[in-house]
Amino acid sequence: TTTKNKKQTLLPLGASLVCVLEEYLKYRGGAENDFLFCNATGSQFTTSGMISAIKGYNQKRGVNKTSVHMFRHTFATKWVRQNGDIVKLQHILCHSDIKTTQKYLSVTLNDLQQDYQQMNPLENMLSGNKQIRL
């Protein structure tokens, strides 16, 4: 694939996505060098066509705040919440600057509280000693 600055990149595919794509290709048929995603006439699916299809799909299911770009934000947030490495995330999202990756992340109070007790240095120093001497 290529990024918006026309830089080619290679990305991993999860096993689940590979299965879905293989099933899709069997269902769709077509020649080996055909476009992966095509419209009803077999022409290449345009960016605007893909955006419109995803928006329609989501709205039929009651998701009104929808965009293709929101998938990236959701992926990034879930990656970090599951303790994924932010540097690897930067490369997956094809960001040249880590600050761009950080802008994608939505951090809530619950996110901050999760693991806080376990990771807090003060709590770690005092574990086993319940009294604080001043």
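Val20 and Tyr27 are not part of a single hydrophobic cluster, where members link through side-chain heavy atoms under 4.5 Å apart. Cluster annotation: Leu105 is not connected to Phe71 through the hydrophobic network of ILVMFWY side chains, with a link wherever side-chain heavy atoms come within less than 4.5 Å. Note on Leu25: it clusters hydrophobically with Leu13, by side-chain heavy-atom contacts below 4.5 Å among ILVMFWY residues.
Checked against Thr101 for a side chain to side chain donor-acceptor pair (under 3.5 Å), the options Gln90, His91, His95 give a single hit: His95.
Atom CD1 of residue Ile98 and atom CG of residue Leu89 lie 7.5 Å apart, to the nearest 0.5 angstrom. A distance of 10.0 Å separates CD of Gln44 from CG of Leu36, quoted to the nearest 0.5 Å. Here CD1 of Ile54 is found 13.0 Å from NE2 of His69. Values are rounded to the nearest 0.5 Å. For the atom pair CD1 of Ile86 and CH2 of Trp79, the computed distance is 11.0 Å after rounding to the nearest 0.5 Å. Separating the NE2 atom in His73 from the CE atom in Met70 is a distance of 8.0 Å, to the nearest 0.5 Å. Atom OH in Tyr104 sits 12.0 Å away from atom CZ in Phe75 (nearest 0.5 Å).
In Tyr57, the OH atom is not crowded: 12 or fewer heavy atoms of neighbouring residues, nucleotides or ligands sit closer than 6.0 Å.
Ser43 contributes no side-chain N or O that, together with a main-chain N or O of Asn39, makes up a donor-acceptor pair within less than 3.5 Å. Between the side chain of Arg72 and the main chain of Val68, no donor-acceptor pair closer than 3.5 Å is present. Side-chain atoms of Ser52 never come within 3.5 Å of backbone atoms of Ser48 as a donor-acceptor pair (strictly under, hydrogens ignored).
Remark: Phe35 engages no residue in a ring-ring contact (aromatic ring centres under 6.0 Å, His included) (not counting sequence neighbours).
Considering all non-hydrogen atoms of both residues, Ala53 and Phe45 come closest at CB-CZ, 3.9 Å.
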